[in-house]
Every structure is written in structure tokens, then in C-alpha cells.
Amino acid sequence: MSIPHKGEKVNLPTKLLADFYTNDTLTIARQLLGQHLVRLYQGQRLSGRITEVEAYIGEEDQACHASCGLTARNAPMYGRPGYTYVYLIYGMYHCLNIVTEPDGYPAAVLIRALEPLEGIAQMQALRGPQHPRRNLTRGPGRLCQALAIDRTLNHIDLCAEEGLLWLEATPPVPDNRVGRSPRIGVRGDTAALTVPWRFYIRDSPWISGKS
DNA sequence: CGCTTGATGTCCT
DNA sequence: GGACATCAAGCGA
């Protein structure tokens, strides 16, 4: 990195800090759209722009892993906001969540899709070269594979000084670019199936399901 | 200890 | 549109 001249403006990427994660879950889910997720993997930056997320809020939300109360697996959801919750699904894929709400209240936002930005060749290698570029980070399981995210990154602090995973601030996505829908692939009562807690960037090719 | 089950993705027809 | 891979958590016995 070059040394800026006097008065020259430097736009260093700004890591999102604890105050970002103190908002309520739906607000955070909405604000996560457009932010950059950065993974430091073998000293290399792998990153993507968040294009699709889903909120899971409280024990009353039957689609939420915390709907059956506190367990060893979902414990991170009950912890402090700004931490990760990574779990294994279907025995072979991982899902990345960002924990929200104060200590003691279980909630999180699932990252469902990214637009690939940095380290694309490495991501392709991690995914397997036979897969099309379009599917690189489109879907919660795929993006974790592309960014080498597994349970070793479960329950880590996204605001840590020298972490392996964090978010970087970007200009907000305007409201007219944001779509909402029910969540994908969930089970539960009518509320769980219909509540519009999925947020996505409209018309982005980098989202799962349909726009 | 054995049985069930996913907040998914891939491949096949 | 449907089969299925693959495993740890969760739960009942």
C-alpha cells in the first residue's frame, strides 16, 4: 500500500464494528445487503458483496434453530451479537449466520448469496472447477465452500482485531433496489412459512431462487 | 446407544 | 421434478 500525499484522501476499507450489530435483526438484515464479506484464507482476501440474506428471530420462530430452546449447536445464537454461527447442514454443506440481538436472545441473519469480488480464482478452486461461475457464491452452502467457511469459524468475533472473517462498509443499497419474500427451504407453522424475512438485491444475478 | 433429520446442492431422467 | 449424498446434533430408550 502506498503512502498517501498530504491531504490526499484515502478510502481504506472500513471494518464494521460492534455498533453495527446492536440494531434489531430485521434492520441489520436489510443493512447487510451490499456490504462486503471478507475472508482471509491462507493470507489471501476472498470477498463478495452480500446480495441475499434471511432473518431468524427468537424461539417463537419455528424456522429458527432456537425454536426448541438452547442447545449445544444453537448456543452461538444466544450469545453476543456480531459473532458467527456456522453449522453443518445435510452432512456436507455449511451455512454462515451473523448473530444479532443482545446476549440471551436467540437471533441471527443467514447469508444466502454473494456477488464474488476478490480471490475469484481461489474460490473457483475451492468449489471445484467443473462448476459454473454463476454458482460460485449463489446459495448458503455454495458460498461457504467458495470462502472456505466451516465450523472452525463457528462462534468467532466479526469485530476482532486480527480475525479471519469480517464485514466491510459500503454505501447503502437504496430501498427501490431491495426485494423481500418469505424464507426459502424452511419448515414450521404458517407464520414461519410466510413472514417476509428474506431480503435480496433486486435484479442481481447473484441470488438464489427467483427474484 | 441407535434412530431421525435437516435454513442444500448436484446429478439424473 | 425427483433421488440422494453424508454427518453431527438432538432425542428417546
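Throughout, a chain's letter reflects where its sequence line sits, starting with A, and its residues are numbered from 1.
Residue A:G141 is in sugar-phosphate contact alone, with no base atom involved, counting any heavy-atom pair closer than 4.0 Å across all strands shown. Counting any heavy atom pair closer than 4.0 Å across all strands shown, A:R73 reaches sugar-phosphate atoms only and no base atom. Nucleic acid contact for A:H65: base, since at least one base atom lies under 4.0 Å from a heavy atom of the residue. The residue A:A72 sits close only to the backbone: its heavy atoms come under 4.0 Å of sugar-phosphate atoms, none of a base. Residue contacts shown for A:I89 are limited to sugar-phosphate atoms, with no base heavy atom under 4.0 Å away.
Nearest to the side-chain atoms of A:Y90 among the listed nucleotides B:dT8, B:dG9, B:dA7 stands B:dT8. For A:C68, the side-chain atoms get nearest to C:dC11 when compared with the rest of B:dG9, C:dC11, C:dA9.
Atoms CD (A:E52) and C1' (B:dT8) sit 13 Å apart, rounded to a whole Å. The interatomic distance linking A:R134 (CZ) with B:dT10 (C1') rounds to 16 Å, in whole Å. Rounded to an integer number of Å, the gap from CG of A:N135 to P of B:dT10 is 6 Å. Rounded to whole Å, the distance from CG on A:L88 to C1' on B:dA7 is 13 Å. Distance A:M92 CE to B:dG9 C1': 8 Å, rounded to the nearest Å. A straight line from CZ of A:R138 to C1' of B:dA7 spans 17 Å, rounded to a whole angstrom. Taking atom CG of residue A:D150 and atom P of nucleotide C:dT6, one finds them 18 Å apart after rounding to whole Å. Whole-Å rounding puts the A:L136 CG to B:dT10 C1' distance at 16 Å.
Hydrophobic clustering, with ILVMFWY side chains joined whenever heavy atoms are under 4.5 angstrom apart, groups A:L165 together with A:I28. If you chain together hydrophobic residues whose side chains sit under 4.5 Å apart, A:V99 and A:L16 never meet in one group.
Proximity of a side-chain donor or acceptor of A:T14 to a complementary backbone N or O of A:A169 within less than 3.5 Å is not detected. Distance alone, capped at 3.5 Å, places no donor-acceptor pair between the A:R151 side chain and the A:L88 backbone.
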ask   = Please, what dot-bracket string fits DNA chain C when only Watson-Crick and G-U pairs with both distances under 3.5 Å count, crossing ones use [ ] and pairs to another strand use |?
value = |||||.||||||.
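Judged by atom type and distance alone, A:Y87 reaches the base of B:dA7 through a side-chain donor-acceptor pair under 3.5 Å.
The side chain of A:R142 places an N or O atom within less than 4.0 Å of a non-bridging phosphate oxygen (OP1 or OP2) of B:dT10. For A:R112, a side-chain nitrogen or oxygen approaches OP1 or OP2 of B:dT8 to under 4.0 Å.
Comparing A:G185 and A:H131 along DNA chain B, the residue whose closest nucleotide (by nearest heavy atom) sits nearer the 5' end is A:G185. Place A:V186 and A:Q145 on DNA chain B by their nearest nucleotides, and A:V186 ends up nearer the 5' end.
For the pair A:R73 and A:Y87, the distance from NZ or CZ to the six-membered ring centre is under 6.0 Å and the angle to the ring normal is within 45 degrees. Cation-pi geometry between A:R183 and A:Y56 is satisfied (NZ or CZ under 6.0 Å from the ring centre, within 45° of the ring normal).
In this structure, CG in A:L147 is found 8.0 Å from OG in A:S47, a value given to the nearest 0.5 Å. Expressed to the nearest 0.5 Å, how far CZ of A:R202 lies from CZ of A:R177 amounts to 5.0 Å.
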